[in-house]
Amino acid sequence: MEQPPDTPVTLPDYGEYETAWCPGCGNFGILKAVKQALVACQLRPESVLFVSGIGQAAKAPHYLNANLFNGLHGRALPVATGAKLANRALTVIVESGDGCLYGEGGNHLIAAIRRNIHVTVLTHNNQIYGLTKGQASPTSMEGFVTKAQPDGVHSQPFNPMATAVAMKAGFAARGFSGMPDHLAGLIQAGINHPGFALIDILQPCVSFNKVNTFAWYKSRCRDVANTHDPANWEAAMKLAFQWDDWIPVGILYKNDRAPFESYFPACAPGPLAEQPVDRNALRQILLSYA
Amino acid sequence: MEQPPDTPVTLPDYGEYETAWCPGCGNFGILKAVKQALVACQLRPESVLFVSGIGQAAKAPHYLNANLFNGLHGRALPVATGAKLANRALTVIVESGDGCLYGEGGNHLIAAIRRNIHVTVLTHNNQIYGLTKGQASPTSMEGFVTKAQPDGVHSQPFNPMATAVAMKAGFAARGFSGMPDHLAGLIQAGINHPGFALIDILQPCVSFNKVNTFAWYKSRCRDVANTHDPANWEAAMKLAFQWDDWIPVGILYKNDRAPFESYFPACAPGPLAEQPVDRNALRQILLSYA
Amino acid sequence: MTNANEQPNALQVVIGGEAGQGLVTISELLCRSLVRAGYHIVATQSYMSRIRGGHNTFAIRVASAPIAAPQEPIDLLVALNADTFQRHRPELAPGALVIADEKEDIRDVPVLNVPFERLASKTAENMAACGIVGAILGLERATLEHALESFFDGKHPEGAEDNRKAISSAYDWIGAQKVAFRNLPAPPRSAAPIMLNGNEALALGALNAGVKFCAFYPMTPATTVPLTLIKHAGKMGTVVEQAEDEIAAINMAIGASFAGAPAMVATSGGGFALMVESVSLAGMTETPVVIVVAQRPAPATGLPTRTEQADLEFVLHAGHGEFPRAILTPGSVEECFELAQKAFLLADRYQGPVFLLTDQFLADTYRDIVPFTLDTPPHWPAPPEPDNPPYKRYALTETGISPRLIPGLSRHRVVADSDEHTEDGHITEDLDVRRAMVEKRLHKMLGLEAEVSPPVFQGDAHPDLLLVSWGSSRGAVEEAAAIVRAGGTRAGTLHFPQVWPLVPKHFLDTLTSAPTVVAIEGNATGQFARLIRAETGFHIPHHVLRYDGLPFTPEYILRRLPHGTTA
Amino acid sequence: MTNANEQPNALQVVIGGEAGQGLVTISELLCRSLVRAGYHIVATQSYMSRIRGGHNTFAIRVASAPIAAPQEPIDLLVALNADTFQRHRPELAPGALVIADEKEDIRDVPVLNVPFERLASKTAENMAACGIVGAILGLERATLEHALESFFDGKHPEGAEDNRKAISSAYDWIGAQKVAFRNLPAPPRSAAPIMLNGNEALALGALNAGVKFCAFYPMTPATTVPLTLIKHAGKMGTVVEQAEDEIAAINMAIGASFAGAPAMVATSGGGFALMVESVSLAGMTETPVVIVVAQRPAPATGLPTRTEQADLEFVLHAGHGEFPRAILTPGSVEECFELAQKAFLLADRYQGPVFLLTDQFLADTYRDIVPFTLDTPPHWPAPPEPDNPPYKRYALTETGISPRLIPGLSRHRVVADSDEHTEDGHITEDLDVRRAMVEKRLHKMLGLEAEVSPPVFQGDAHPDLLLVSWGSSRGAVEEAAAIVRAGGTRAGTLHFPQVWPLVPKHFLDTLTSAPTVVAIEGNATGQFARLIRAETGFHIPHHVLRYDGLPFTPEYILRRLPHGTTA
Ligand SMILES: Cc1ncc(C[n+]2csc(CCOP(=O)(O)OP(=O)(O)O)c2C)c(N)n1
Ligand SMILES: Cc1ncc(C[n+]2csc(CCOP(=O)(O)OP(=O)(O)O)c2C)c(N)n1
Ligand code: SF4
Ligand code: SF4
Ligand SMILES: [Mg+2]
Ligand SMILES: [Mg+2]
């Protein structure tokens, strides 16, 4: 199974696993696209670290062959941030649900955008809490009816793209699980973007979201690649709000701020785990307390 | 001391107290403006509930005569939300610091904006953690140096106005503690706005923020009232990013979404505390489990 | 020694299949029909943390006489897929019957091969299975049909009709078969029982106590508490809000409670962990709040859909600093209702956090219940308005209880602070005030102790074997003791419906006078036994522990009792 | 019975004033000078939760012989404002001297009226006070001047010069006065001690242990731990990040640790409360993380700048579910250094959360320290790479410890999961695996028990009076016992530098054989005594508790010992 490091990476390197998802779930398309992107990036499994939270989406990285820290609901981003700071050489990818990343984990998303840490976030956005059996998520549309919201959702949905663009995130893109090749391209671009990348992925949940179905998304999602310059902030902001008959998918916004980890001199020489403890320096420090 | 309810409310109704703030702190101007606004709104102290977190700013409501729940660092907004839902008749005002509301409490801010609950938030934004002796806050500018950030802040500052406008908050305004009359007007408008109102108040911290001083703010803050229509979202978005020689103060954005509490039929008849338990209904419900 | 399954009046039906096969629907329908027909049930749900696929079961123990616990041996196994048969084959009781599709190749055990395809449309096959079981158990066809009607409640007429037909064909088909299966005696009761699981009962108890506000963030196995409140929110005038996270949930509840609304939250271990800082806030500001912690196996995410009792010490000590609390641990669906009411009463009276500590097993288990009487509602007096200002929210009193007014509902201002505070609620750093306030708050423990629900002893006076339990294992423990007794050993049980505060005089004599004491706990370290020792010095030498995610059964306990303790 | 203050070799200087008067600067300068001159110090900070105004003190107990605790009586009171004199007047020892501005009207006690306005510019008046005290204590002028130089370190030359002048004028002025004040014997030492407070020592210990990552959210009294790391981050190659909240802080540390960096967090009760879910995560994923909890009085926000020991039970049981942990409770500044190292060692070896439980008193108290030797660094071995794939992160082993590889640093993939997992780290709902994993994790307790830092006994063999303590009260307890012994009673002390796990054979004999045992704890309910009882059944009948926010002193303890226990 082990390949010498100069062999090209191929799809089988990332394996095939049985999943715990419902047949027809949009997660399958995302899983496919992720593997495709990793191969396109020629990243070896042992150099990639997935970090996920809890939810149906968060199980995704169990279904490919890479390093994984499957942590708590809502807390993938700080774990990813710590891991990236500990070892810049790791490709760190966060994969989780809309509830996990925009609900429980909302504060970390904002902080990660502000930091611009080089972590790629893949949100499986099914506009619902799947694993807990169908309550509204932060992205559920106003009026959306569930068992927990029998009169419909009263809160305005969280618009991840608008918030990311308003906060001038390093990289903000929207994808659709039903366009896996297109999505793979976005993920590849996100991984290669040297800073924070948020990819919000529209994903039908066949079990609980009977409004935003595959067909619903399919008829709306169209790529913006040919008509939009991601450096154009105003245009990006407009596209972020575009959500009716047309939902634009593609890279909405991008800039070139320096990644957070570049500010830490300690991160430069290599993994923190391999840095020695300089006891001579420490001795000097101790004496400075005289 | 007790006044019959038809006596007009005057400043002395809100009292004068000794504070624990540093002489010269911007908090004094805010305290003054708050009292002025409450009088202008002709609100009786017993009908007003302040909710605050922890920090120098969060002490503010101790220095006036009204109901107060001074809770945990970062958690003022959910307490305020619960209280407002329990009693719509209360005027609920959240007062706390930038660290409290945008740092520890970031997730609640986003949720409160989405809900559009009728709560007025006054952020004492001194761009620093005051009470804990001067670490960077979410609004500290890039490069800002503190003991905890000796190489300067590397994160992009949180822009509360940009985020609020991007999220189409009910009411978003910026004030300056050095313009207390202007600020009082904003607070009055915020209280009267029937939905969520965020008022970000620039506030010099004489002890720890030696960059964004009174003079620094003073020379930059100018009102937008005459030139800007808060219904104009695009213009509001531009103003939200305006932060150099000119920092616009005033109401940047406003809309008329229905307040969150209006969706709960149970909130309509009056305070939940005064609603009886309908045991006949409950008996019917019990039997429906046969 | 007899076994639970040998009770002539009880038998166990297990329905197993994948998530998404409609297992829950038909099982609930069957339970409801059995209850309406007057049977007693203990119906336990066991499911995986996924929406489709996997392996789930619904185990319905049914009896003509009262029963209290699930049992292990299966008398009637409905295998909705092949996997179910393979998994549960070892649990089949002597004389058990398996019901499976005729296409499954099941051998060596009595099997009823059902031609489901012929009996029902694809989507109604599960309903045909339901009909088969109903018929075998001797339920009237009409009973099932009526239960089906209430299920559909006039909605989806096509689906309803399809399902009715499936039941009908099943009854028709089985009439022509010769099924050898032991029948249950006819049920003796004629009362009109209802069917509730623990979470439903808990929510209804809260409603009767006057809950007006609930905030929650979804978390298995607690979510059905708020969902039950939501279902009845319109009629009961309750505000229920799904919060952005658990921290928000409990702070909303505290805010609502401060503003006068009896308030609660419901969550499980990991969600509760996020509430811990605010438990301390409720303690410091003396704000009533009822906190439901429905336990599941941890640490961390653990096994989200299984059961455990490993959060006792965590809940007992959750929150920084020292302040009073009470922890109620219902041992049955009825106790969920009763103790939910008590929780609100205590929270109101002692002004602080009160816990209802349940678990997945109790939360999800359906029982037949005699409808509760609602005529003794707990008392929520309007707080007396002190007439001499200044009003002092935290006035130092003998009981530690201070007059609580509601902001906006009196002429007074109400000030609460998470910092140490003076009697009027304002922040202070006066260290004498500090000492007085610590003592005032802790003084409330005395009142709480006076209102403790004492442990319930059952069985022989002066037993040789004493089984100690808390929370959901009550039924299994009491049934195990009954079997031990039937075997000739003097046995008793001591069930704790409240684990904090503990009042040693309630139980210490019972403990010290029994030759053999065994603690039965759904955790790996014997947390309650440790607590008893911390409070009394009494060391419970024997343990029966379970931490594999499954609930206690009488059989599980009997197999693990110390050697020589049973005759 | 003698009193602490009657020790001929010790005296206490208290400097009091408002926040913002430069109190900390001059006190630290004075301490440093005293330490450089060879004196022993215990310098305790007592401050309010505000930036300007209020009342703060810095109490410097100074001695020619080793001392271990603060004392109450004041020998030299420097009153930077009138309020200081009023507050501390009752604490003045016989023969005490008060130093105050000549404008203050202080009577009835010996007072040195200083013309501060003449001695220094407005901003340097505090430094003049510093000079006065230095001169009275017999410090050489040059010692203070050198300390001032290191303080300014070449920066702000004008301010530095102003301050130097103030010291100089103070020395000149006092030369002309006749000050009657008892002098301390000259210090005996010639070693070159350093001066550290508990938090600094803790951070330096962590650095020596190899800490490479720390995330924090500011919280008094923990913040100076990360601030110390930040100060030396450049030289030591440490990454320190201020997180958006405490939940982020601990998850960042867990992420960094998973990726191989020895990692820590530091916070206080309320902030720790937010980390509780992630403590359970570290337990489940078996990720090393060192958690510093610097206690302060709670519940909730409590008294942010005062001290308490009321989070022991909270920290012990924090986190849902059951998993191993260790809790180290340093009793001195030296133990902060030592136990910080041990914490990293244990976290690494047993792969989970390890706690350092300190408090505001210890965190902020300066002591003279003999520089630590750094030549016995703890061992961080590169994990051996198993050569037969598949690599199993959670392989079941006899010790419960599984081979830990670092993702990206080997050929293997490393998979960790907060759900229950198989040996290879993947999510499972297999209930047999569950049971095995629970047992594997708890099995690590055995190893932890074998490495416990045992309690330290001091004093007479077979004491009649045994004082039991944990954490920061060690010094006060040991001094109190010394005084009792000097009074003719056989007394001993048992200090616990580690409170979990407890190994009864380390201490049970000592406890049971002492006629009178007293637990000394900085809380209101006797938490550690309860823990001892839970683990051993032994009931400590007497308590000396303190919960007003102030640290223990020998005097406080002596006043509260049970009647008849001292000769
Ligand atoms: C602290 C905490 N709160 C709640 C839960 C329960 N929970 C598990 S998954 C989930 C929501 C899942 O929704 P989402 O993140 O959108 O993922 P999806 O299942 O839809 O893919 C929740 C609330 C939890 N595991 N932890
Ligand atoms: C959970 C928690 N974390 C940290 C703290 C410590 N703390 C108190 S105030 C504060 C920051 C204050 O900054 P800000 O909110 O901006 O208010 P300011 O003092 O500047 O007015 C912090 C971190 C706390 N009390 N609780
Ligand atoms: S519940 Fe929804 S999101 Fe989860 S696996 Fe099924 S279809 Fe996918
Ligand atoms: S520290 Fe800053 S914010 Fe706090 S009172 Fe002083 S000046 Fe104001
Ligand atoms: Mg989702
Ligand atoms: Mg601030």
Side-chain angles (χ1 to χ4, degrees), chain B residues 1-2 20 45-49 51 54 59 61-62 65-87 89-90 92 107-108 110-111 114-115 264-267 269 271-290, chain C residues 35-36 192-196 200 204 207-208 210 212-213 215 232-239 241 243-245 247-249 251-261 263 277-278 281 285 369 371-372 374-375 377 389 406-419 425-427:
Chain B
M1 270 205 59
E2 300 288 325
E46 55 271 31
S47 70
V48 179
L49 170 62
V51 181
I54 295 297
K59 292 176 184 166
H62 280 287
N65 175 40
N67 297 296
L68 167 60
F69 191 94
N70 184 176
L72 297 173
H73 184 59
R75 313 304 168 192
L77 265 168
V79 170
T81 302
K84 184 73 182 179
L85 289 171
N87 184 358
L90 283 173
V92 181
N107 207 30
H108 310 309
I110 290 178
R114 291 183 44 225
R115 285 194 184 94
F264 290 87
C267 295
L272 295 182
E274 295 181 339
Q275 304 308 310
V277 180
D278 184 344
R279 291 210 169 68
N280 282 330
L282 187 57
R283 204 163 285 123
Q284 291 312 310
I285 288 170
L286 260 190
L287 295 180
S288 76
Y289 283 87
Chain C
V35 169
R36 286 183 179 180
I194 58 176
M195 178 179 106
L196 293 174
E200 288 169 341
L204 294 169
L207 285 171
N208 196 41
K212 289 291 174 193
F213 188 90
H232 309 304
K235 286 203 174 114
M236 298 305 295
T238 320
V239 173
E241 170 62 359
E244 56 273 26
D245 55 32
I247 307 176
N251 278 283
M252 283 182 189
I254 286 172
S257 176
F258 179 67
E277 189 192 14
S278 305
L281 174 67
T285 58
I369 302 284
F372 310 105
L374 304 179
D375 44 16
I406 301 303
L409 302 190
S410 85
R411 312 173 286 127
H412 297 285
R413 261 74 59 216
V414 186
V415 176
D417 194 356
S418 73
D419 295 278
H426 284 291
I427 181 171

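Keep in mind that the numbers below use all heavy atoms, side chains included, and drop hydrogens, waters and symmetry copies. Since the structure is predicted, the reported quantities are computational estimates derived from the model, not experimental observations. All chains are named by letter (A, B, ...) in the order of the sequence lines, taking the proteins before the strands, and each is independently numbered beginning at 1.
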Test side-chain contact (heavy atoms from CB on, under 4.5 Å) on B:Y289 and C:V35; report intermediate values, then the result. CA-CA 11 Å; B:Y289 283 87; C:V35 169; over 6 Å; no

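- The contact between B:I285 and chain C is made entirely by side chain atoms (from C-beta outward), counting heavy-atom distances below 4.5 Å.
- Proximity to chain B is limited to the side chain of C:M236, based on heavy atoms less than 4.5 angstrom apart.
- Residue B:I110 does not touch chain C at all, counting heavy-atom pairs closer than 4.5 Å.
- Across C:M252 and B:T81, no two heavy atoms sit closer than the pair CE-CG2, 4.0 Å.
- Heavy atoms of B:E274 lying under 4.5 Å from chain C belong exclusively to its side chain.
- For B:P269, no part lies under 4.5 angstrom from a heavy atom of chain C.
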Verdict with supporting geometry, B:H62 and C:D417, side-chain hydrogen bond (donor to acceptor under 3.5 Å, both in side chains): CA-CA 9 Å; B:H62 280 287; C:D417 194 356; 3.1 Å; yes

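- Looking at heavy atoms from C-beta onward, B:L282 lies in side-chain contact with C:L204 at the 4.5 angstrom threshold.
- With respect to chain B, the highest number of heavy-atom pairs below 4.5 Å among C:T238, C:I247, C:T285 belongs to C:I247.
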Could you walk me through whether B:F264 and B:L85 pass the side-chain contact (heavy atoms from CB on, under 4.5 Å) check? CA-CA 8 Å; B:F264 290 87; B:L85 289 171; 3.9 Å; yes

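- With a 4.5 angstrom heavy-atom cutoff, B:P45 touches chain C via backbone and side-chain atoms both.
- The candidate with the highest count of non-hydrogen atom pairs below 4.5 Å against chain C, out of B:L272, B:L49, B:N67, is B:N67.
- Contact of C:L207 with chain B is made through backbone and side chain together, with heavy-atom distances under 4.5 Å.
- Heavy-atom distances place no part of C:A215 under 4.5 Å from chain B, backbone and side chain included.
- The residue among B:A66, B:A281, B:P265, B:P271 with the most heavy atom pairs within less than 4.5 Å of chain C is B:A66.
- In terms of non-hydrogen atom pairs under 4.5 Å with chain B, the most contact-rich of C:G425, C:S257, C:G408 is C:G408.
- At a 4.5 Å heavy-atom cutoff, the contact between C:S278 and chain B is made by backbone and side-chain atoms alike.
- Annotation for B:A290 and C:R36: closest pair O-NH2, 3.2 Å, computed over non-hydrogen atoms.
- In terms of heavy-atom pairs under 4.5 angstrom with chain B, the leader among C:A261, C:P407, C:G237, C:A233 is C:P407.
- The two residues C:L409 and B:A273 make their nearest non-hydrogen contact at CD1-CB, 3.8 Å.
- Residue C:L374 comes nearest to B:R279 through the heavy atom pair O-CD, 3.1 Å, listed as atom of the first residue, atom of the second, then distance.
- Both the backbone and the side chain of B:L286 have a heavy atom closer than 4.5 Å to some heavy atom of chain C.
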Could you go through C:F258 and B:V51, starting from their C-alpha distance and side-chain angles, then the distance that decides it, and tell me whether this counts as side-chain contact (heavy atoms from CB on, under 4.5 Å)? CA-CA 11 Å; C:F258 179 67; B:V51 181; over 6 Å; no

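- In this structure, C:E244 does not pair ionically with B:R114, as no charged nitrogen and carboxylate oxygen lie closer than 4.0 Å.
- Among B:P78, B:A89, B:A86, the residue with the largest count of heavy-atom pairs under 4.5 Å with chain C is B:P78.
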